[in-house]
Amino acid sequence: MNTVFTNAKAGMAGVDKEHVQKVVYEMSKNSPHFKNEQRKQKQTDERIAKMKQRAHGISQTDLAGLTRSMDAKVAHLETTRDLSRTWLTVDMDAFFAACEELDNPALKTQPMAVGGIGMISTANYVARKYGVRSAMPGFIARELCPQLVFAKPNFSKYTAASRASRVIFADYDAEFSAGSLDEAHLDVTDYCNQHGLSGADVAETIRRRMREEVKLTCSVGVGPNRLLSKVAADMNKPDGQYVVAADLPGIKRFVAALPIRKVPGIGKVAEQTLAAFGVTACQGLLDHKGLLAGLYSPISMDFFLASGLGLGQTQHSEPVADGEVGRKGISCERTFGPISKTGELEAKACELAEKLAEEMAAEGLKGKTCTLKLKETTFEVQACELAEKLAEEMADEGLKGKTLTLKLKETTFELRTRAHTSSQFISSVADIRNVALRLLRAEMPIAIRLMGLRMSSFQEIRTLPGQRSLSAFIQPAAAGSATAGTEQPLKQQGAAQDFSIAFQHAVDALPDESEDEEPEDANGAPEPHQSSYSMADDLQAQSGRSEDKWREAPLPQQSDLAAPRIAELPSTDLQQSCTGSVGFGQFAAQKRKRPSGAVTGHKRTGIEAYLRPAA
DNA sequence: ATACATACC
DNA sequence: TACTGGTATGTAT
């Protein structure tokens, strides 16, 4: 049973859920994706079974001890409660879709989704009535709503609207944090005190200004911390607001009844594992704290209990220190649809086919062998292109990193990640590509639909005072491109204000902003022929691990970098057929030590069942 | 350090 | 026919 697209969401009231579920199932049931979903569900079921077993082994005595220990934890957490702050979470309504309607008002009355046949990122509220929602593949959406209009995503438009909204936010909290293009968290305590206003007043004002100045609607949550304001922002969507008062009994009542799935950080899996122990609302997190402590990690328990108590961040996280790299990683990933299989790749396939024709004549090779080699080479080309993209993005931010992670999504939708940490910081196309190709070749043969590269472990940039890069100084909010997830306080009110006043002009002007500084290589040609970093040196330095088979593969020659690359790249033998398309996906693999137990200033996602090693 | 999983938008 | 892309973090080894 596929439950992916049937979650209760804003705008889903009155939807024929049974019908939607049936359509989704019928469209999915025979696909590799569905098989993968079933595999993952089985994994979750097994995890739950293990947890049940473990729970069964907990004696009454153990349970009493665990409960006492959790009581102490609750008592401590309670001492950290701060009800003196007023937080706002502002969430734009159907953001991408609303931006498209701004440009084409005729769309307002039609069911419309931003995205394509493969994937939808946002649907307007008309489309949501049909069960169409974000993260739903377009072909299923079209089945649910045949009249559905698809709008092509236009990120510069969304970035411009986002910036216009941030100009407003900055008036109420200069250090607001942007969760994504369409969401922000504001500590409006000082503003409220200075102007004798309530959080609800500010929420009203922001919503009005958003309507007038950006021509979009948003929903606002008000609460004494980020958790509560965020949850509140969802309660009256769209175009509404909700206040969780800074009143302890009221907070406890509000949270007790809150379904755990509403808590940011509790997703589909945690919802299921907790439900297996009777926890469906946040009150259950407190009621069963002893049992849960026997099943989940201390980190998870801190998070569960804080959530159950309605505790959340009350202060902005530390600003990124000068010379520090704010982000932890940067990545590029791509799914190769039919497009990557046609055009250029096919032309190259023909070239190779010609070359191989002679051998075939001499040795009687079959055409199928030729095809397999082409497909493998295709992977390498994709890896090279991703390396180029990644290097470009890193150059934009002046980043150098040590750990490169290759992500592969097989045609079965199973994921594989392979990482290599270099002895030196690298950033050039050549260095990234060399590592990427090594990692990739060790995985051959493989049939994939998605490929990605991620660089992490960045070198801290130690700029001298006054040496901040021009682009970072002028456009702090734009430097990271249109990707979500980076938090960058807006400091440059002057420039941004102008932007807001001339919103439409700004939209037109935007594309220019992304290309500043850093002259590019002529014709996108490869980096200089010598590379600052040699993987061979790394191999020597790390010779203790020579049993890794990818380390034995020959180093790609620098000449491989010259276009056309495909014919020159050495290809290795494939044992089995690669059917399906080629793609990219990439994943983070990284750990940061965090003070456990510190709830404030600690963004937490992902709850894992914690199974202690068998004694 | 590496691999895999979960979560958010 | 057809199910994204980018970032962060937790768990296990």
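Letters A, B, ... are given to chains in the order of the sequence lines, protein chains preceding strands, and every chain is numbered from 1.
Checked against dC3(C), dG10(C), dA8(C), the side chain of M119(A) finds its nearest nucleotide in dC3(C). Of all nucleotides listed (dT11(C), dA7(B), dT2(B)), dT11(C) comes nearest to the side chain of S300(A). Taking every side-chain heavy atom of R454(A) into account, dT7(C) is the closest of dT7(C), dA7(B), dT4(C). Here the nucleotide nearest the side chain of K328(A), chosen from dC3(C), dA3(B), dT9(C), is dT9(C). The side chain of I299(A) lies closest to dG10(C), out of dA2(C), dG10(C), dA8(C). If you check dC3(C), dC4(B), dT2(B) against the side chain of H33(A), the one that comes closest is dC3(C). Closest approach to the T421(A) side chain among dA1(B), dG10(C), dA2(C) is made by dA1(B) (side chain taken as heavy atoms from C-beta onward). Checking dC3(C), dT4(C), dT7(C) against the side-chain heavy atoms of F139(A) singles out dC3(C) as nearest.
At the heavy-atom level, V263(A) lies under 4.0 Å from the strands shown only through sugar-phosphate atoms. Counting non-hydrogen atoms under 4.0 angstrom, D182(A) reaches the backbone sugars and phosphates but no base.
In summary, the side chains of N36(A) and E414(A) do not present any donor paired with an acceptor at a separation below 3.5 Å, with no hydrogens or angles considered. For the 3.5 Å distance criterion, the side chains of H316(A) and E318(A) fail to qualify, holding no donor opposite an acceptor. In this model, no donor atom of one side chain and acceptor atom of the other lie less than 3.5 Å apart for D182(A) and S162(A).
Remark: R47(A) is in phosphate contact with dT6(B), judged by side-chain N or O atoms under 4.0 Å from OP1 or OP2. A close approach under 4.0 Å does not occur between any side-chain nitrogen or oxygen of S456(A) and OP1 or OP2 of dT7(C). Side-chain N/O atoms of S31(A) include none lying less than 4.0 angstrom from OP1 or OP2 on dT1(C). Within the 4.0 Å cut-off from OP1 or OP2 of dG5(C), at least one side-chain nitrogen or oxygen of T335(A) is found. For the OP1/OP2 pair of dA2(C) and a distance below 4.0 Å, the side-chain nitrogens and oxygens of R142(A) include no atom meeting the criterion. Phosphate proximity of dG6(C) to S331(A): absent, as no side-chain N or O sits under 4.0 Å from OP1 or OP2. Contact check, K389(A) against dG5(C): no side-chain N or O comes under 4.0 Å of OP1 or OP2. OP1 or OP2 of dT4(C) sits under 4.0 Å from a side-chain N or O of K409(A). Within the 4.0 Å cut-off from OP1 or OP2 of dT4(C), at least one side-chain nitrogen or oxygen of R449(A) is found.
The base of dC3(C) sits with one of its N or O atoms less than 3.5 Å from a complementary donor or acceptor on the side chain of S28(A).
Between K268(A) and E271(A), no side-chain nitrogen of the basic residue sits less than 4.0 Å from a carboxylate oxygen of the acidic one, so the salt-bridge criterion is not met. Checked for salt-bridge contact, E333(A) and R454(A) miss the test: no charged N lies under 4.0 Å from a carboxylate O.
At whole-Å resolution of the value, CD1 in I120(A) and P in dA2(C) are 17 Å apart. Whole-Å rounding puts the H185(A) NE2 to dC8(B) P distance at 12 Å. Between the CZ atom of R261(A) and the P atom of dC8(B) there is a distance of 5 Å, rounded to whole Å. Rounded to a whole Å, the CZ atom of F458(A) is 11 Å from the C1' atom of dT7(C). The separation between L406(A) atom CG and dG6(C) atom P is 14 Å, rounded to whole Å. Distance F336(A) CZ to dC3(C) C1': 17 Å, rounded to the nearest Å. Atom-to-atom, CZ of R418(A) to P of dA1(B) comes out at 18 Å; the value is rounded to the nearest Å. Look at CZ on R133(A): it is 15 Å from P on dT4(C), rounded to the nearest Å.
For F95(A), the ring-ring contact (aromatic ring centres under 6.0 Å, His included) test picks out no residue, with sequence neighbours left out.
Toward the 5' end of DNA chain C, the nearer of the two residues G326(A) and G118(A), judged by each one's closest nucleotide, is G118(A). The nearest heavy atom of DNA chain B to K230(A) and to Q43(A) marks one nucleotide each, and the one closer to the 5' end goes with Q43(A).
Formation of a donor-acceptor pair under 3.5 Å by the S121(A) side chain with backbone atoms of V114(A) is found in this model.
Annotation: dT4(C) and dA7(B) have their C1' atoms spaced 15 Å apart (nearest Å).
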